[in-house]
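For reference, the structure discussed in these notes is given below.
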Amino acid sequence: MKPKDLRTELLPVWCTGCGDFGVLKGLTQALSDLEIAPEKLAVISGIGCSSRLPGYVKAYSFNTIHGRALPIASGLKTARPELTTVVVGGDGDGFSIGLGHLPHAIRRDINLTYIVMDNGIYGLTKGQASPTTELESKRTRGLAGGDEQPLNPVLLVLSAGCGFVARTHAGNMPHMREMMKQAIEYPGFSFVHVLAGCVTYQPRNYSDQLLQRSYELPAEYDKSDLGAAITAVRDGRFALGVIYKRPLEEVAATAGATADEDWTPPDAVLKQDLPTE
Amino acid sequence: MKKVIVGNHAVSWGVSLARAEVIAAYPITPQTQIVEELAEMCDDGRLAAKFIKVESEHSAMAACIGASATGVRAFTATSSQGLLLMHELLHWAGLGRLPIVMADINRAVAPGWNIWTDQNDTLAQRDTGWVQLYCENNQEVLDTTIQAFALAEKLSLPVMIVLDAFFLSHTSEPVDIPSPAEVDAFLPRRDAALKLDTRDPHAFGALTTPAVYMEMRKRQQEAFDQVPETLRLIDADWDRRFGRSWGAVESYRTSDADTVLVTSGTITSTARYVINERRERGEKVGLVKIKMFRPFPTEPLRRALAGIPKVAVLDRNISPGHGGIFAEELRSALYDLPSARRPRVDGYVLGLGGRDVTPEVIGECLDATRGNDSSANAREDLWVGVKP
């Protein structure tokens, strides 16, 4: 199955040059590499430009409520554990209205892959500051919330105990493909932070600026070291690569509740002998 | 000063003239322009209010509750899903007797996603303890926004100003904007009888046992009972100062009518056009506009409709399993009229999710009601223009 076989006929409504095109491509490439068939795939989103993505992927796609993609995906994955479940969205959906759900999805460690396309702006409502808009950018452009500190989402998911954390750039296709593949393969909750440009409400060279502040983690970087991961995401630059991956023997010990992939509702519940008294 | 502005900016102007002190908001289409304009006014100093850019509508209403409890004038705006997310807080503002003013742009609820107008978002909040005022044009929006603060603060009740997505929110009309001095004379600074005050400490929201809870709700009901008369006086005062009044219910060419349309929101303007056309042809038809939905204007509607044989209610909303909401509430309001003076009330469900309600569509409803001589109410509301 080729990546394009995972695309629907719908043409994306994103602006020409939007980083979300890259994410769509990277995701279908990763799914193709992993040979995940459309009928074994669910793609869930909330609201925002990037949350349109599920409609463009051949899968059980669900464009849900603003900020609620994670709990909805948790319910879906619990009922149908055999489906590969990918949650997608933006920085507004994930880090603003829906942020309260993120640490709890991480704590529950249900096997979801959460891909956030972070363009540092509310695009769908036409250019308000998001929780990740930089202070200087807000001040020079006079956006409301100019005195609010931006959020460091990767530090946040690390401190909440996320077992797989990666960062990539929407313009770097091979890297994005690899990060998404590893995230989907990881057997617990995985988080991929995608640095994405917004050609309409961010400066024209915003995507390049993100890239200039980025660097790939070196080969000798120990991704099983949580302390090193926390240090790596606190220096104002964007470390790209797998920032943290909990060793799989630890995952097996903690992710027991979600590992029951043979469970199906009709067999497990409808055919169960219920106690009679 | 006359200005050509969209409905959203009519709200913004009203809020700034009312000198709101704390504004908390989260963007949502088609409301965003309201708070963007207010954010700019706060940013460039035209309005000395504090603007909080919150992370969700739930937080927007929570912030308004906190601000209003200290005695300041608080405002927010939202639409559709945003209003639904606020639901828990709406009860809090309502029963907390906090005179918050909010504008809601009527937008259909999901799924599937739809940004166009219908009234289900606000009507789903009818029992949360908010006064609801539905507007027809941008001048009414501006006037009602300012009046809403006066009404809210007089009775310690939150007030929701409601306008149709796009047909009002994004449509430009000339609006007469009163001067700040004129509005200041109409609407003095808020003087909260009860507020968070460190010199006179009170506890708010504490456990309220069965022994006292019911009395608290009764007082809320009594405050709602005072809304019609209070709004009438506020509107009359406005009329004296600015030469305009709107009323909770408006009758239009109904005096000798045999059939009357009942409408709310922007459908009213289209319906006026239809009534005028029919009158020219000699048909005895009229219109009643319901502006105030909560409290429901039972007495004014009885006065407006008693003795009229046939009434057609145009509902841009639906209560699944019951029917059009204005029609159902109107039937209930008219039930006590003597049977000889009680109109037959036909309900029409139309325009959901922003579907156009054209003069032709309204004409069909009018014809169907006029042409039906049955004396019994229809058992079900009719869905207009639905494809098979």
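Nothing here was measured: the structure is a model prediction, and the numbers come from that model. Each chain gets a letter, A, B and so on, in the order its sequence line appears, and its residues count up from 1.
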Distance-only donor-acceptor pairs under 3.5 Å across chain A and chain B:
residue: A:Asn63; atom: O; partner: B:Trp113; partner atom: NE1; Å: 3.2
residue: A:Thr64; atom: O; partner: B:Trp113; partner atom: NE1; Å: 3.3
residue: A:His66; atom: NE2; partner: B:Tyr26; partner atom: OH; Å: 3.0
residue: A:Ser96; atom: OG; partner: B:Glu55; partner atom: O; Å: 3.1
residue: A:Ile97; atom: N; partner: B:Glu55; partner atom: O; Å: 3.0
residue: A:Gln128; atom: NE2; partner: B:Glu36; partner atom: OE2; Å: 2.7
residue: A:Ala129; atom: O; partner: B:Lys53; partner atom: NZ; Å: 2.9

Inset, instruction - Using the six-membered ring wherever Trp is involved, compare the ring planes of A:Tyr114 and A:Phe191 and label them parallel, tilted or perpendicular (cut-offs 30° and 60°). - result: perpendicular
Legend entry - Side-chain heavy-atom pair A:Phe62, A:Pro54 within 4.5 angstrom cut-off: no
Legend entry - A:Arg213 side chain vs A:Gly236 backbone, donor-acceptor pair below 3.5 Å: yes
Inset, instruction - Between chain B and each of A:Leu124, A:Ile47, A:Leu99, A:Leu143, count heavy-atom pairs under 4.5 Å; write down the option with the most. - result: A:Ile47
Inset, instruction - Give, as side chain, backbone, both or neither, the part of B:Pro27 having an atom under 4.5 angstrom from any heavy atom of chain A. - result: both
Legend entry - Any donor-acceptor pair under 3.5 Å from A:Ser190 side chain to A:Ala183 backbone: yes
Inset, instruction - Check the pair A:Ile44 / A:Leu112 against side chain to side chain contact (heavy atoms under 4.5 Å, CB included), numbers first and verdict last. - result: CA-CA 10 Å; A:Ile44 318 294; A:Leu112 305 171; over 6 Å; no
Legend entry - Which portion of B:Ile28 sits near chain A, non-hydrogen atoms under 4.5 angstrom: backbone
Legend entry - Top of A:Gly67, A:Ala129, A:Gly142 for chain B proximity - count of heavy-atom pairs under 4.5 angstrom: A:Ala129
Legend entry - Short side-chain to backbone donor-acceptor contact, A:Tyr244 and A:Ile230, under 3.5 Å: no
Legend entry - A:Phe21 and A:Trp14 aromatic ring geometry - parallel, tilted or perpendicular at 30°/60° bounds: perpendicular
Inset, instruction - Would you check, one step at a time, whether the test side chain to side chain contact (heavy atoms under 4.5 Å, CB included) holds for A:Leu41 with A:Val57? - result: CA-CA 10 Å; A:Leu41 173 66; A:Val57 182; 4.1 Å; yes
